[in-house]
Amino acid sequence: MKESIRSSIKKIVVMFIASLMVLGLIPVGLLSLRSVSDNNDGKFIRLSPVLETTVSAKSGESEIPGSSYSENCLPAGHYYDSYMRFDIRELLEKDVKNITNVKLRLIPIKTENNSDVPITVSVMENNTWNADMDYNSKPSSTHDIYVADIDVKSSQCGKAPIEVDLTEYIKKYISDKREYISLNFKGKGNNSATFAGASYEDSAYRPCL
């Protein structure tokens, strides 16, 4: 009888500890998906792009060359320039002092020739571009603000995300009451990298802030 009671108690304790472990792991997983944080009310916000497009990076070419391009992906590099816009209006009422971390998260799908591809990320001054633009109608990048150079490695494609810190830029946009932020992705070498887009079939791969 005593052994039966002890056994039951042990099972209850094990189940209780397991429950605590699960409860402890769930928030960590959720937080890893969300990059905009506000410490005052504990909110973590995930923002998806509201517009994205790719155009030829070659002067005079209105069509995008290459058979690797598809509508649910964003290539950037030798042949391609890609653009992404986020709606940040839900952040405009936030106190910028409480926003501690804003990151752009991208998942590379593949690189041309299995090479490592350097990509420059910039914040665009122009927020009036549209998805139908081509090389001749894309906005000038003269006043774009350099953010970072990212090195897309073939070994991380489909596996590891790339994160770009945009905290200070988002804070500035919130202070200025700007409703949208646009980003430009340009290649620096002779190869291209392809990222999952906002309509990529696996939602876990889609870009976000």
Side-chain angles (χ1 to χ4, degrees), residues 35 47-86 102-170 180-209:
S35 297
L47 301 177
S48 297
V50 294
L51 190 63
E52 58 184 25
T53 194
T54 300
V55 304
S56 172
K58 297 294 186 180
S59 176
E61 292 184 357
S62 59
E63 299 297 325
I64 297 175
S67 59
S68 61
Y69 172 74
S70 63
E71 292 183 355
N72 62 1
C73 292
L74 287 175
H78 187 215
Y79 289 108
Y80 314 99
D81 289 341
S82 282
Y83 302 82
M84 192 177 292
R85 182 184 299 159
F86 289 90
V102 185
K103 290 184 178 180
L104 170 69
R105 176 171 291 188
L106 301 167
I107 303 290
I109 302 302
K110 63 181 178 179
T111 63
E112 188 179 356
N113 299 320
N114 291 320
S115 58
D116 293 350
V117 180
I119 301 291
T120 296
V121 182
S122 301
V123 171
M124 298 173 65
E125 177 61 27
N126 188 316
N127 254 323
T128 62
W129 56 272
N130 59 65
D132 297 324
M133 65 184 181
D134 58 23
Y135 179 89
N136 297 314
S137 60
K138 67 181 181 180
S140 170
S141 59
T142 303
H143 300 293
D144 290 355
I145 302 171
Y146 167 84
V147 175
D149 285 328
I150 57 177
D151 190 25
V152 185
K153 298 184 180 300
S154 60
S155 59
Q156 71 186 127
C157 290
K159 300 175 183 177
I162 293 175
E163 293 187 336
V164 179
D165 188 358
L166 295 176
T167 308
E168 294 308 313
Y169 303 98
I170 294 295
Y180 299 91
I181 186 169
S182 291
L183 302 169
N184 182 354
F185 306 89
K186 291 180 176 289
K188 297 183 67 178
N190 295 322
N191 292 303
S192 298
T194 300
F195 300 94
S199 59
Y200 194 74
E201 50 267 27
D202 188 337
S203 60
Y205 285 64
R206 294 172 186 171
C208 66
L209 278 184

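Remark: the Ser115 side chain and the Asn113 side chain contain no N/O donor-acceptor pair separated by less than 3.5 Å.
When Asn127, Leu51, Thr128 are each tested for a side chain to side chain contact (heavy atoms under 4.5 Å, CB included) with Tyr180, only one passes: Asn127. Exactly one residue among Asp144, Asp81, Asp132 makes a salt bridge (Lys or Arg N to Asp or Glu O under 4.0 Å) with Lys138. That residue is Asp81.
Rounding to the nearest 0.5 Å gives a distance of 8.0 Å between CD1 of Ile162 and CG of Asp151. Note: Leu166 CG to Leu183 CG = 6.0 Å, rounded to the nearest 0.5 Å. Ser122 OG to Phe185 CZ: the interatomic distance, rounded to the nearest 0.5 Å, is 9.5 Å. To the nearest 0.5 angstrom, Glu201 atom CD is 8.5 Å from Arg206 atom CZ. In this structure, OG1 on Thr111 lies 10.0 Å from CZ on Phe195, to the nearest 0.5 angstrom. Between Asn190 atom CG and Glu112 atom CD the span is 9.0 Å, to the nearest 0.5 Å.
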* **Derivation of the side chain to side chain contact (heavy atoms under 4.5 Å, CB included) call for Tyr200 and Ile109** => CA-CA 10 Å; Tyr200 194 74; Ile109 302 302; 3.7 Å; yes
* To do: List the steps and the verdict of side chain to side chain contact (heavy atoms under 4.5 Å, CB included) for Ser141 and Lys186.
  => CA-CA 10 Å; Ser141 59; Lys186 291 180 176 289; 4.2 Å; yes
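Scanning both residues, Asn126 and Pro139, for their nearest heavy atoms gives ND2-CB, 3.6 Å. Residues Tyr146 and Tyr169 come closest through the heavy atom pair O-OH, 3.4 Å. Closest approach of Ile170 to Leu209, counting heavy atoms only: CD1-CD1, 4.2 Å. Here the closest non-hydrogen pair linking Lys159 and Ser155 is CD-O, 3.6 Å. Nearest heavy atom pair, residue Met84 against residue Leu106, reads CE-CD2, 4.1 Å. Between Pro207 and Pro49, the closest heavy-atom pair is O-CD, 3.4 Å.
A distance-only check finds no donor-acceptor pair linking the side chain of Glu52 to the backbone of Leu74 [under 3.5 Å]. With Arg105 contributing its side chain and Cys208 its backbone, the two residues share no donor-acceptor pair below 3.5 Å.
The shortest distance between side-chain heavy atoms of Trp129 and Ser182 falls below 4.5 Å. Between Thr194 and Tyr80 the shortest side-chain heavy-atom distance does not fall below 4.5 Å. At a threshold of 4.5 Å between non-hydrogen side-chain atoms, the residues Ser82 and Pro75 count as touching. Between Asp116 and Ser154 the shortest side-chain heavy-atom distance falls below 4.5 Å. Here the side chains of Gln156 and Pro108 are in contact, with some heavy-atom distance below 4.5 Å.
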